[in-house]
Amino acid sequence: MARYNAKESEIHWQAVWTARQSFVAHTDPARPKCYVLEMFPYPSGRIHIGHVRNYTMGDVIARFRRAQGFNVLHPMGWDAFGLPAENAARDKGVNPLEWTYANIATMREQLKAMGLAIDWSREFATCDPEYYKHQQKLFIEFYEAGLVYRSEADVNWDPVDQTVLANEQVIDGLGWRSGAPVERRKLAQWFFKITAYSDDLLEALDRLDRWPEKVRLMQKNWIGRSEGMRFAFDLSNGATVEVFSTRPDTLFGASFVALSPDHPLTEELAKRDPKLAAFVAECRRVGTAEAAIETAEKMGYDTGLTAAHPFDQTWKLPVYVANFVLMGYGTGAIFGCPAHDQRDLDFARKYHLSVVPVVVPQGVDPKSFDVGNEAYVGPGVLANSRFLDGLDVAAAKAEVAKRLEAAGRGERTVNYRLRDWLVSRQRPWGCPIPMVHCGDCGVVPVKDGDLPVKLPDDLVFNTAGNPLDRNTAWKNVPCPSCGKPARRDTDTLDTFVDSSWYFARFCDTTTDKPVDRAAADYWLPVDQYIGGIEHAILHLLYARFFTRGLKKFGYTSVDEPFAGLFTQGMVCLETYRGHNGGAWYTPDEVEKRGGKAFLKGTDVPVEIGPSEKMSKSKKNVIAPEPIIDAYGADTIRWFMLSDSPPERDIDWTETGAEGCWRFAQRVYRLATEAGELPPPGAAIGQAAGPGLELRRATHRAVAAVTEDLDALRFNRAVARIYELANAITASDADVPGAVRREALEALVLLTGPMMPHLAETCWNVLGHGDLVVDTPWPKADPALVHSDTVTIAVQVNGKRRGEITISRAAEQKSIEAAALALDGVVRALDGKPPRRVIVVPERIVNIVA
RNA sequence: GCCCGAGUGGUGGAACUGGUAGACGCACUGGAUUCAAAAUCCAGCGCCCGCAAGGGCAUGUCGGUUCGAUUCCGACCUCGGGCACCA
């Protein structure tokens, strides 16, 4: 029996595609284009199974569209700046640049071994000065357009390592290396003014109809447009404090005013109140992560001040500083209405403040209404609220607004949750911010001709602080404006900036401008973007913002970067960890005995954690290479597409790989052992009997696979291909050769996007001298897809009692008669006459007895 | 804490727009082939009652709408993603 040699075949066809430049894209406005892009990888060292899934999906679409006649752009690059390179530099003493490029070299070979239909001539890494030069230029353009500004912001400060920590480097309030309690500190930082586009970014979501609904909803909530009021409270010390509220209707239910620990007034008060200063320091110990702040136990500090109620100056409310009030949202100060806000209620219960319901559900007596420990946030009628009593919530909001505005105490405003994008990073392995600080001229952009501002070659990591800041040779430069001694900005850009425009650069990677307008006009927007759901908000929102900038500066005419978005599920795997929060272990380091896990070759027990997103930090990562080595790329590609719907998470299991391998062999055997076939292109003529059946199966498969790939339902396409293979296997040996050829060719072409090497080999075996990648996608004959008869179920009282096979065109009456004549129906009716018969043509008959 | 998802046999999942629940794959069981094995082929495979014919139960839980609900509505449970310096 002939065996398919995957390794040999894959190397061969990859060489053929490369030699023929099959996947090199050319800008050609005369042809319809399709730009397929997967989120580019961080060069961590080796590709992991999640990459395999992501790039396989994109590759299937790229090859499918190509077969359908589109001019396809399918490029690849590297998101090459980031923390892991710094960690490697620090831990292993390597140069981050060398480490990164070595990783890229390894991963490029691994991706090539997957047989991806990628235009490698467009490859770049974001750490290439050739790339970040243009990014620096764009930064300056954003700056000159007023979309970049400098302001103070909080960071996580590690007082021992003298460095800023990422949120993931803060563990339970402690620095991950030093173990020192982390402080929140203010630094002057650069911001992109993304909030200038809040409304636009929100509104345009409605038009992104090829984006998943959930991503649009997540972005909508992230932008968080809310209508409310800003208004002022007079404080007992003569100051006023402005609050923002979306529920001004509940003002008569107020029982306290609370300031953020970061509020300017708090800082003022803390200067004269050491206890308050200590409280603020305590609050800051949780770091900057919102999740940490919001899940921390509610804490408040009574300042001793009081605030006068805006509608009754004699009504005094206590003024607290509270850890759950965020400075970044609204005004950084709130009035607390415990009856109608859960956080306020938790706070009020803890500090024994009054809880007065002022909105009660329709028809409920306010006197008997008690919120208990659950705030009432539903609709209702105002009560205990003087002139608002009896109004509904909307009317009460309007009335409060009218009165406060008339009194000059406040105004209606639209508030957004979205904050400006902080892009300064005190890190050496990133794109340098092209700004110079001059004692005389202030902040001055680097001159165009002096770009790129390149990172120094001699980054030193073995002391505390930022290596760029310590590198005086690099840092000290003359002012671009006056020429006097000045210093560079020693911060680098958030790596999300790098990934906010790379898709536009791919349109033409040779241009000396950031983006070539003509190429961008042809290729943009990306027709199908594919990546992990974990990027649903930040990366995608930043890229949308950046695209608006690119348009403003004349680089493109599109508003939106990604016309179609698909978020694949993550590949998950169990985690292994030493006892009591010990070190994480990779699956390779662990062996299982009797349902328990141990360090390989020892009796040291290891805790098995839940299946989670594969991540470097938790080491629950498996390597695709051994699988590719053992079975070939086609097998692992097929596996990644089979079974699980692409948007859903999958748990990696090894059981399926062998099944995929067997199927690859089976397709190969079907082609090689097909027997006598007429030459390619032979006419089929009229088929009947088994021949017609096989033709129907073939055309049904073509129609279904085409439809499934269009909708990115890879797992269903795989199932339809199995069915076709089964139909070919089961078909009579005396089916006409031309019919068999048609079925086999369809099978090969349909598997082409998924198992491209195998398909080329089989195409060759079937006598074709050309390539599958140059062969048009098969077309289904509608006449062969639909049969004349249809089998429909017959139910009695909703329970299935039989089925009838009947002409599609059958009349209601004859369907009914056939259904009532069924044995099972007669038995179920037991002589009773049917009360009602529901006939849904081509679907079902339901008899109500 | 807040926002967003997902839950169907032993297992991954399928089911078009409210119309036969379990397509297709994996695992497993039995058989053929083989000196034996691998590979391959054939058959079976949700659970319960029944010799069978057949009947009952079943899509995370509880309720609702409907002739009919995996699908729509409400409440809850469990798991996962994001929360702005991981990428």
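What you see below is based on every heavy atom in this structure, not just the backbone, and it leaves out hydrogens, waters and symmetry mates. The sequence lines fix the lettering, A, B, ..., with proteins before strands; numbering per chain opens at 1.
In the set G19(B), C86(B), G13(B), G19(B) carries the atom at the smallest distance from any side-chain atom of V840(A). Picking from G1(B), A87(B), G55(B) the nucleotide with the shortest atom distance to the side chain of L83(A) gives A87(B). Closest to the side chain of A291(A), out of C83(B), G56(B), C86(B), is C83(B). Taking only side-chain atoms of E294(A), from C-beta outward, the nucleotide of G1(B), C85(B), A23(B) with the closest atom is G1(B).
A donor N or O paired with an acceptor N or O is not found under 3.5 Å between the base of C86(B) and the side-chain atoms of E86(A). Residue side chain Q426(A) reaches the base of C85(B) through a donor-acceptor N/O pair under 3.5 Å, judged by distance alone. Contact of R720(A) with C24(B) (side chain to base): no donor-acceptor pair of N or O atoms is detected under 3.5 Å. A donor N or O paired with an acceptor N or O is not found under 3.5 Å between the base of G13(B) and the side-chain atoms of D643(A). For C3(B), its base never sits under 3.5 Å from the side chain of N221(A) at any donor and acceptor pair.
Here D494(A) pairs with R425(A) in a salt bridge; the nearest charged N to carboxylate O distance falls below 4.0 Å. Using a cut-off of 4.0 Å between Lys/Arg side-chain N and Asp/Glu carboxylate O, R177(A) and D161(A) are scored as not salt-bridged. One finds a salt bridge joining D262(A) and R284(A) here, because a Lys/Arg side-chain nitrogen approaches an Asp/Glu carboxylate oxygen to under 4.0 Å. A salt bridge does not link E647(A) with R713(A): every distance from a Lys NZ or Arg NE/NH1/NH2 to an Asp or Glu carboxylate oxygen is 4.0 Å or more.
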